[in-house]
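Okay, structure first, notes after.
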Amino acid sequence: MEFACGFVYVPPSTYQKEVQTKPPIAVKRSALLPPPNRIRPRSPPPPPPAPSPELQKQHHSPEQRITEKCFKNALLPPFMRSQSPACLQPIPGPPSLLPSNSQRLTYDIPKEEPDIGSYPWDPDYSYNIPEGSGEEMKHPNTTSSSGSAQKSAPALPPRPSFMRSCPEYLVLLPDSFSSSKSSFSSSRSREPLVGNPNVILVSLGKLISEENVFTIEGEPTCCSQCGSVLDSLYDNVVNVCYFCQSSLEPPTSSSATCLGCQDSVFLLTPGDKALTLTDTLLLFCIDISASMSITSQVLEGKQPIYRSRLQFVQEAMLQSVRKLSETQPHMRVGLITFNNQVTLHGYDEFTSRFLLGAELIDGEYLKEAAFSFPSPPPLSRTRDCLQREILGLSESGATALGPASLVAIAMASRQPGSKVIICTDGKANTDLGNLEVEGTDARPCLSSTIFYHDLGEYAASQGVTVSVLAIEGTDCRLDELGRLADRTRGKVVIASPHELYTEFEEIIENTTIATHCSVTLLLPPTLCVKGEREAGNRVTREVGNVASDTEITFQFGARQHGSQGEVSAPVAGGRVSVQLQLRYRQKDGHSMLRVLTADKEVTDDSSVVLSSLFLAIIQLNSSQASAALAVRGRFQDAKSEGETQRELMERALEYDRSAEDKMIYSKWLKTMDPIHNSLQNYTRRQSICSDTLQSLTDMGAALLYSMKNSNRRPISLKEKHQH
């Protein structure tokens, strides 16, 4: 499990409204601290005004001074009053204001009292000229009555050369340009991103084939509500866990933190006996209808010759049989052909079987015929017989593609992991799975659509991989046949007659390592899955067959405020956990479960996200998500999905990126050009704005199905399917 970003991104607008609703916390500044924006003066303060002569004379009056000091002494507590005889003198004044003998108060006059009529000079006050000015220091008491001359301070010595002009603890303020630039970058880092960087990549082939993971026998401990797997140390079943906790209940000890299993593999069926590992079955399902007799010119040396489509197919199969007999002699290879009948080709002791007429309409009868036909022996025993059967093929009749596909899948279902390769040059035109009859909207009959959909589900449930090859220059309705390959993780290819052998080899070499695979993604209630048919914080995707290069992606994001009760988006600075559950069946029949839990930090800083973005994962997710929407006929949504992720990657490229990243991005743009600019060229009605569901051309179906099941290999799918 890999993340496209080192963080879980939450747009600022998701939770800022919630923060604003909370009452602000009042912070009081101490009165003992200086003002926050205090600026040191560069000139001495002006002297205070001199007192008037009348006020100075009044302050010099001895009686007034004694009266004031005595009143001051009277205001003190008794134990602090002075017992000086001077305070025992009667207070001059009118008799009505003097206290009586019984209430006589004593007052204390200090021995050394400064003259309050003089200039109120503070001995602790001083003023310093800023350092390095070279000016003289002047005493602020310029109006002193003493009239003594002011002494000038000597000038400061020059600053030594080894001293810095600015102390280290001071920070220079930036100029206007740098200030505006930093404020611009800061404001842009707070802008919400256009695309979605929250993407998870699951490399199924890598996870299933790893052998250094500790295996535990038996069922794991799971939550009774959401099914999340807990650590094996917890033997009891937890009722409410981290991934399904209710927002209306206070968090408990089990839900406050994630107790999920970090990385373990569980053997779910330890008591079952392992199946005998037999070699997989490869079935060629070949069209031998009359249209396969159409010829094409090729050069043999310098002489042009003409070969039919069937001859090209025969040559490609013979080359594959020869190579398999040398590299994999134990593989079992069978041959099924179809025109107006379906033929199951036999070998030495078993004769061929023919299905025709009314037998091609009954699906159950076709399955029974496939089950009753013996499975072919290893190729080391049947090579010569198989080559004779291939060379004896001839073209004639109609195209019973639907019944032949059903028989081939039923026959391959005996051994999970088997492959079926369907090669045709036209539409199915018999009753079962007919694709020639179209409605007014250029779509086939609904019964045929349902038939191929159900056939794909049946193949996936039996662990069979189906690949469809259409010969270049024909119309085979790959938008319908492609359902078989898409559901079973097979390939949909339009091949030139000269390239059939190469396509056969790629399909054969891509072996199946697991079947019946399903992937479950669990998120906390504050997050939700994006772009899936299931909404919420839990999603399960049925994958089916898994090859060594199978990769899938998920998108997730913050839950919108109020979308589920009182659950809100996660706050930046916190952490969230994500759990991935991978269920699959090995070739020996054992059912396995692998569980991975990851913990990520939440951020709302777009610059941090863009600098840590892994572009290859974003590109793969955009290709898969856009193609999945286009295959379902949602062309406008597919285009919008591709454009938003493209803007996200363009912003990420503004940061320091390697030349390799930029080169991969340019190749990815070429691959996505059909979705970004020319999707209408791949529809049968040349319009994507119609309200009716549009159907794809063969080239469009082959391109989009390949993109939907693509991986991170740096190939250009557009160039591969260009004509």
Side-chain angles (χ1 to χ4, degrees), residues 278-289 292-293 307-339 341-355 366 369-397 400-401 403-415 417-425 464-469 471 490 495 497 499-512:
T278 59
D279 295 300
T280 57
L281 179 61
L282 172 63
L283 290 178
F284 288 100
C285 188
I286 306 301
D287 183 2
I288 58 171
S289 61
M292 292 291 288
S293 61
R307 289 183 180 178
S308 66
R309 294 171 178 172
L310 181 58
Q311 288 177 331
F312 284 108
V313 175
Q314 289 173 317
E315 183 180 355
M317 285 194 296
L318 289 174
Q319 292 180 10
S320 299
V321 170
R322 294 191 195 101
K323 184 175 181 180
L324 288 174
S325 63
E326 297 174 357
T327 58
Q328 304 181 47
H330 298 289
M331 176 175 282
R332 296 172 297 151
V333 181
L335 176 62
I336 297 175
T337 59
F338 58 92
N339 46 14
Q341 64 181 12
V342 177
T343 304
L344 285 71
H345 292 263
Y347 36 90
D348 296 333
E349 61 270 19
F350 294 99
T351 59
S352 301
R353 180 170 181 178
F354 305 94
L355 303 172
L366 294 174
F371 295 150
S372 62
F373 193 78
S375 181
L379 189 58
S380 59
R381 294 171 48 190
T382 61
R383 170 185 172 179
D384 296 336
C385 180
L386 184 59
Q387 288 178 343
R388 289 194 301 269
E389 292 291 330
I390 293 174
L391 291 173
L393 298 178
S394 59
E395 316 93 338
S396 65
L401 190 150
S405 302
L406 177 57
V407 171
I409 293 173
M411 189 172 176
S413 64
R414 299 172 181 176
Q415 178 61 39
S418 299
K419 293 181 180 295
V420 174
I421 301 178
I422 301 175
C423 183
T424 183
D425 71 336
V464 178
T465 303
V466 182
S467 298
V468 180
L469 273 75
I471 296 179
E499 301 174 351
L500 288 175
Y501 170 70
T502 304
E503 299 295 342
F504 285 164
E505 286 302 303
E506 289 186 6
I507 295 173
I508 295 171
E509 292 175 357
N510 193 18
T511 58
T512 302

Could you tell me the separation between the [atom1] atom of [X] and the [atom2] atom of [Y], rounded to the nearest 0.5 Å?
X: C285; Y: L335; atom1: SG; atom2: CG; result: 9.0 Å
X: I390; Y: E315; atom1: CD1; atom2: CD; result: 12.0 Å
X: M292; Y: C423; atom1: CE; atom2: SG; result: 5.5 Å
X: H345; Y: L283; atom1: NE2; atom2: CG; result: 11.5 Å
X: L393; Y: I286; atom1: CG; atom2: CD1; result: 8.5 Å
X: R353; Y: F373; atom1: CZ; atom2: CZ; result: 9.0 Å

Which heavy atom of [X] sits nearest to which heavy atom of [Y], and what is that distance?
X: L500; Y: A495; value: CD2-CB, 3.9 Å
X: A370; Y: A410; value: CB-CB, 3.8 Å
X: R307; Y: Q311; value: CA-OE1, 3.1 Å

* Polar side chain donor-acceptor pair, S380 to H330, under 3.5 angstrom -> no
* Asked: Any side-chain donor-acceptor pair under 3.5 Å between T382 and R332?
  -> no
Is there side-chain contact between [X] and [Y], with at least one heavy-atom pair below 4.5 Å?
X: Q341; Y: N339; answer: yes
X: T343; Y: I336; answer: no
X: F350; Y: P376; answer: no
X: T465; Y: S418; answer: no

* E509 and K323: CA distance, side-chain angles, deciding distance, salt bridge (Lys or Arg N to Asp or Glu O under 4.0 Å) verdict -> CA-CA 11 Å; E509 292 175 357; K323 184 175 181 180; 3.6 Å; yes
* Any chance the rings of F504 and F284 have centres within less than 6.0 Å? ->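 Between F284 and F504, which both carry aromatic rings, the centre distance is below 6.0 Å.
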* Verdict with reasoning, R309 to S293, per side chain to side chain contact (heavy atoms under 4.5 Å, CB included) -> CA-CA 6 Å; R309 294 171 178 172; S293 61; over 6 Å; no
